[in-house]
Protein chains: 2
Amino acid sequence: MSEGRAIPEATVARLAVYLRVLGSLSDGGLSTISSEALANAAGVNSAKLRKDLSYLGSFGTRGVGYVVEVLRERISTCLGVSEHRSVVLVGVGNLGHALAGYGGFRSRGFRIAGLFDADRRRIGEEIAGLCVQAMAELAEVVTQESVSIGVIATPAEAAQEVCDRLVAAGVTSILNFAPAVLVVPDNVDVRKVDLAVELQILSFHEQRKAAGLQVVL
Amino acid sequence: MSEGRAIPEATVARLAVYLRVLGSLSDGGLSTISSEALANAAGVNSAKLRKDLSYLGSFGTRGVGYVVEVLRERISTCLGVSEHRSVVLVGVGNLGHALAGYGGFRSRGFRIAGLFDADRRRIGEEIAGLCVQAMAELAEVVTQESVSIGVIATPAEAAQEVCDRLVAAGVTSILNFAPAVLVVPDNVDVRKVDLAVELQILSFHEQRKAAGLQVVL
DNA sequence: AGCCGCTTGTGAACGTGGGCACAAAGTCGC
DNA sequence: GCGACTTTGTGCCCACGTTCACAAGCGGCT
Ligand SMILES: NC(=O)c1ccc[n+]([C@@H]2O[C@H](COP(=O)([O-])OP(=O)(O)OC[C@H]3O[C@@H](n4cnc5c(N)ncnc54)[C@H](O)[C@@H]3O)[C@@H](O)[C@H]2O)c1
Ligand SMILES: NC(=O)c1ccc[n+]([C@@H]2O[C@H](COP(=O)([O-])OP(=O)(O)OC[C@H]3O[C@@H](n4cnc5c(N)ncnc54)[C@H](O)[C@@H]3O)[C@@H](O)[C@H]2O)c1
């Protein structure tokens, strides 16, 4: 199966996980790995893993497995992180501070090209070697540094406005931490992370478990 | 369709979103809402929304829509957040601080029953009215306060160990922010939030868009 | 060189979820 | 009270994703 084939959304998400797991493994000095072993480490079914990898071409060796370095290379390229990709972060409050200082960004293929906030008092503050800038400078940084991804960590009320400014500046992918539904043009991708939603899903299953016990009693 | 029916995972996730959107709307004084309007606000298809709600029973009024308060009540109950549910947070570093201070927790049905860290220097520190406690006290708090959900915000290396302690203490749902695959018993649910994975998924689509342009040129 | 055992890559079956389209059921105006 | 209009609830079908199972392929051992 060659490169040009459409890769399912679910597969893309797992590829990112495989890449992370391979990162830990190759530190361990392992040079090849079987689908079974990698699948275990990633917490998925081995057939699924093989099918996922088959979308990238077939470069495993039957009877042996996959060469770790080739695999990493292949997945990185597919995900577009074989060289660092630039992101901007808007909203440097509680959450924004944590994100700005987070090393996992860089080690997994991203570079923070700028921090932005609307609050004058925050501007100029230095976090992890970067200065917080005014919103007015957003467009220039996005253009200058070829930023394609924007992260929103402002309050929900400001999210749509910030989103619009990011899109106007040329950003075509947005990761939104604010609990708000964003409206964007067709060519822009949005992913959202809502902590409360995650907890509520867990809560739902707790509810179920409790109900199950009731029946047993 | 009555209560006992199995609710699809995808529906549960959306119910949580509907609940959030209803929160903003009922502040607006609206007493009823049509599936069309709510679907728009939540960014989904109206047929899908109606099907989702139908799993909770049929309590809409044809020709009118749904009574906002009834709807909120119904979804809250289904998700098990009609009264506050207790959670503990382990790992009060950069991310943990932000989470501990986050108001969206409480307003969406959760109460932080305890903050825990392995670092002696962090113990005793007060955040949002709660003191950081030693890991040794974890089990007691979980039991005492009927905590069912644990949030892990420690480094990846410590995640499995922390997870094991949470499970041993009686926690049956875990939200994991550490980039690590957790192994848990069957009766325990795990959800993970991995920022880098989210960014890599966006990056993949950027890659695609760029490839599309190449073809055009 | 040939055979054996291991692992990949994938066809086919199955299950879940999404969306259309419409009948059923209610409201509102007259 | 009746008819026109609105909106729900859902049957049906299609697309996507998961899992099983196995033939094909490769390395290593004799
Ligand atoms: N803190 C958490 O742990 C957490 C967890 C999940 C989700 N969230 C969400 O993330 C978002 C940020 O949370 P927080 O706790 O960091 O809030 P915060 O209030 O501490 O920070 C928000 C920051 O955004 C800035 N801001 C406000 N309006 C802006 C605008 N129009 N343009 C640019 N910057 C603007 C503010 O100046 C502030 O610095 C919120 O939507 C929150 O719901 C937070
Ligand atoms: N900071 C971010 O924005 C961010 C974003 C995404 C994911 N993450 C992940 O979240 C986790 C925490 O990130 P962070 O930046 O807050 O790290 P951090 O180092 O600032 O905080 C980690 C905390 O965990 C505590 N800890 C370590 N081992 C422990 C143990 N065995 N038991 C209990 N507590 C222990 C430490 O004392 C520290 O307080 C990491 O896994 C990181 O990869 C962080």
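Protein chains get the first letters and strands the later ones, always in sequence-line order, with residue 1 at the start of each.
- Between A:Asn45 and D:dC20, a side-chain N or O to OP1/OP2 separation shorter than 4.0 Å is present.
- D:dT19 atom P lies 12 Å from atom CG of A:Leu49, rounded to whole Å.
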Classify every nucleotide of nucleotides 1-6 of chain C by which part a protein heavy atom approaches to under 4.0 Å, writing B for the base, S for the sugar-phosphate alone and - for neither, in 5'-to-3' order. -----B
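- When the side-chain nitrogen and oxygen atoms of B:Ser35 are compared with OP1 and OP2 of D:dT8, one or more of them lie within a distance under 4.0 Å.
- Considering only side-chain N and O atoms, A:Tyr66 lies under 4.0 angstrom from the phosphate OP1 or OP2 of C:dG9.
- Rounded to an integer number of Å, the gap from B:Glu9 CD to D:dC16 P is 21 Å.
- Counting only N and O atoms by type, the side chains of B:Ser86 and B:Glu145 include no donor and acceptor under 3.5 Å apart.
- The distance between atom CG of B:Leu56 and atom C1' of D:dG9, rounded to the nearest whole Å, is 13 Å.
- Remark: B:Ala118 pairs with B:Met135 by the side chain to side chain contact (heavy atoms under 4.5 Å, CB included) rule, at least two apart or across chains.
- B:Glu73 and B:Ser82 share no side-chain donor-acceptor pair at under 3.5 Å.
- Phosphate contact (OP1/OP2 of D:dT19, side-chain N/O of A:Lys48, threshold under 4.0 Å): present.
- Closest approach of A:Leu30 and A:Val68 over heavy atoms only: O-CG2, 3.7 Å.
- Listed here is the closest heavy atom pair of A:Ala153 and A:Leu89: CB-CD1, 4.2 Å.
- The side-chain heavy atoms of B:Tyr66 and B:Leu38, taken from C-beta on, include no pair separated by under 4.5 Å.
- Contacts of B:Ala47 with the nucleic acid, taken as non-hydrogen atoms under 4.0 Å apart, include base atoms.
- In this structure, CZ of B:Arg50 is placed 11 Å from C1' of D:dT6, rounded to the nearest angstrom.
- Comparing A:Arg14 and A:Thr61, the nucleotide of DNA chain D nearest to each residue sits closer to the 5' end for A:Arg14.
- No hydrogens or angles were tested; on distance alone, nothing pairs the side chain of B:Lys51 with the base of D:dG9 as donor and acceptor under 3.5 Å.
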